[in-house]
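Please read these numbers as outputs of a predicted model, since none were measured by experiment.
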Amino acid sequence: MPEISVIIPTYNRRKQVLEALASVRAQTLMPAEILVVDDGSTDDTEEHVAGLGGIVRYLRKENGGVSSARNHGIRMAKGEWIAFLDSDDEWAPGKLARQLACLTRTGSKVCLTGCTNEEGDRLDDLETMDANLGAGDERAYPSSDYRFFRHPRHPYIQTAMVSRQALLDVGCFDETLRVAEDTKLLYRLVMNH
């Protein structure tokens, strides 16, 4: 079975990162590794995460921003597939299993899902991009399908599972950007894959 690496960048979010980790550990399909990339936290994140062991790898680096932290995780990852989770977010238990099954079935290099906030409100425009895509449905789109670019909201990076090679091919996250770095990466992935 292809290996999945989960990358969780964090900065001064000890409590939240532990909750994010719990949602990864609750997956019906366990990843090969969970890389918690500490971007120079000054709180007690390290003492709570570094000793967890098992599939959790704690990586500490000098503060350079979220793009730098994610890129460091990509470079250090061993898995064929990369899934991103921010340290203040959580996943539904079947996320990784469903995405890997979809990627395997379709031969795609990128899989994005919808997401909701704590109140259950949608945070993306997937249902607007494809009115025929019902809740729980899956669909593969060719890179020439540009409906992704016609909507103000798009899937979040926390919903992505991407081939590590596809990330390397498009140059990973732009570390010069402080905002919209995930949007730029998603656009490049959609255009190329």
Side-chain angles (χ1 to χ4, degrees), residues 3-79 81-103 110-124 126 135-136 153-162 164 167 172-173 178-183 185-186:
E3 291 192 339
I4 301 169
S5 296
V6 175
I7 297 174
I8 305 175
T10 192
Y11 178 75
N12 288 342
R13 285 187 173 157
R14 190 248 322 148
K15 180 181 181 298
Q16 294 96 329
V17 77
L18 293 174
E19 292 167 0
L21 280 165
S23 81
V24 178
R25 289 177 161 169
Q27 291 297 299
T28 57
L29 173 64
M30 277 294 107
E33 62 182 353
I34 306 167
L35 298 137
V36 177
V37 184
D38 187 337
D39 193 37
S41 292
T42 58
D43 67 0
D44 57 353
T45 296
E46 183 171 6
E47 65 187 69
H48 285 86
V49 178
L52 291 177
I55 63 171
V56 177
R57 288 175 54 199
Y58 176 82
L59 306 172
R60 184 171 176 84
K61 59 175 283 309
E62 185 176 318
N63 184 266
V66 70
S67 293
S68 172
R70 287 181 182 137
N71 286 344
H72 184 66
I74 294 165
R75 285 189 299 275
M76 300 303 292
K78 297 175 183 169
W81 296 101
I82 305 291
F84 298 101
L85 179 61
D86 281 357
S87 58
D88 62 343
D89 291 321
E90 298 175 30
W91 286 336
K95 177 199 183 289
L96 294 180
R98 288 202 60 199
Q99 284 188 289
L100 185 59
C102 182
L103 287 162
V110 180
C111 182
L112 304 167
T113 71
C115 64
T116 61
N117 62 18
E118 292 84 4
E119 290 78 38
D121 300 323
R122 289 293 299 257
L123 300 176
D124 56 71
L126 284 179
R153 299 183 304 171
H154 55 75
Y156 284 58
I157 197 67
Q158 300 90 316
T159 75
M161 184 182 292
V162 183
R164 183 173 181 272
L167 288 164
C172 299
F173 291 89
R178 289 293 179 199
V179 296
E181 75 292 335
D182 53 346
T183 302
L185 177 71
L186 287 172

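- In plain terms, the two heavy atoms of Tyr58 and Glu46 that are nearest each other are OH-CB, 3.2 Å.
- Between Arg70 and Asp86 there is a salt bridge, with a side-chain nitrogen of the basic residue lying less than 4.0 Å from a carboxylate oxygen of the acidic one.
- Side-chain atoms of Glu90 do not come within 3.5 Å of backbone N or O of Leu21 as any donor-acceptor pair.
- In this model, a donor atom of one side chain and an acceptor atom of the other lie less than 3.5 Å apart for Lys61 and Ser68.
- A 4.5 Å side-chain heavy-atom check between Leu186 and Leu112 finds at least one atom pair inside the cut-off.
- Taken from CG in Leu85 to CG in Leu35, the straight-line distance is 12.5 Å, to the nearest 0.5 Å.
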Walk me through whether Leu167 and Leu185 qualify under side chain to side chain contact (heavy atoms under 4.5 Å, CB included).
CA-CA 8 Å; Leu167 288 164; Leu185 177 71; 3.8 Å; yes

Give the C-alpha distance, both sets of side-chain angles, the deciding distance and a yes or no for side chain to side chain contact (heavy atoms under 4.5 Å, CB included) between Leu96 and Trp81.
CA-CA 10 Å; Leu96 294 180; Trp81 296 101; over 6 Å; no

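- Heavy atoms only, all atoms of each residue included: Ser87 and Arg13 are closest at OG-CD, 3.1 Å.
- Heavy atoms only, all atoms of each residue included: Glu181 and Ser67 are closest at CG-OG, 2.9 Å.
- Rounding to the nearest 0.5 Å places CG of Asp43 at 9.0 Å from NE2 of His48.
- At least one side-chain heavy atom of Val6 sits under 4.5 Å from a side-chain heavy atom of Trp91.
- Considering every non-hydrogen atom in both Phe84 and Ile157, the closest pair reads CB-O, 3.6 Å.
- Listed here is the closest heavy atom pair of Asp39 and Gly64: OD1-N, 2.9 Å.
- Note: Thr28 OG1 to Arg98 CZ = 10.0 Å, rounded to the nearest 0.5 Å.
- One finds the CD1 atom of Ile7 at 9.5 Å from the CZ atom of Arg57 (value rounded to the nearest 0.5 Å).
- Between the CG atom of Asn117 and the CG atom of Asp89 there is a distance of 10.5 Å, given to the nearest 0.5 Å.
- Put simply, the side chain of Arg164 never gets that close to the backbone of Ser5: no donor and acceptor are under 3.5 Å apart.
- If you take CE on Met76 and CD1 on Ile74, they are separated by 12.5 Å, rounding to the nearest 0.5 Å.
- With a 4.5 Å cut-off on side-chain heavy atoms, His72 and Pro9 do not count as touching.
- Using a 4.5 Å cut-off on side-chain heavy atoms (C-beta onward), Tyr11 and Asn63 make contact.
- Pairing each heavy atom of Ile4 with each of Pro31, the nearest pair is O-CB, 3.4 Å.
- Put simply, the side chain of Tyr156 does not reach to within 4.5 Å of the side chain of Asp182, judged on heavy atoms.
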Could you walk me through whether Thr42 and Asn12 pass side chain to side chain contact (heavy atoms under 4.5 Å, CB included), step by step?
CA-CA 6 Å; Thr42 58; Asn12 288 342; 3.2 Å; yes

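- Proximity of Arg25 to Val56: side-chain heavy atoms (C-beta onward) are separated by under 4.5 Å at one or more points.
- Checking each of Thr45, Asp44, Asp38 against Arg14 for a side chain to side chain donor-acceptor pair (under 3.5 Å) leaves exactly one that passes, namely Asp44.
- Leu103 has its side chain within reach of Cys111: a pair of non-hydrogen atoms, C-beta onward, lies under 4.5 Å apart.
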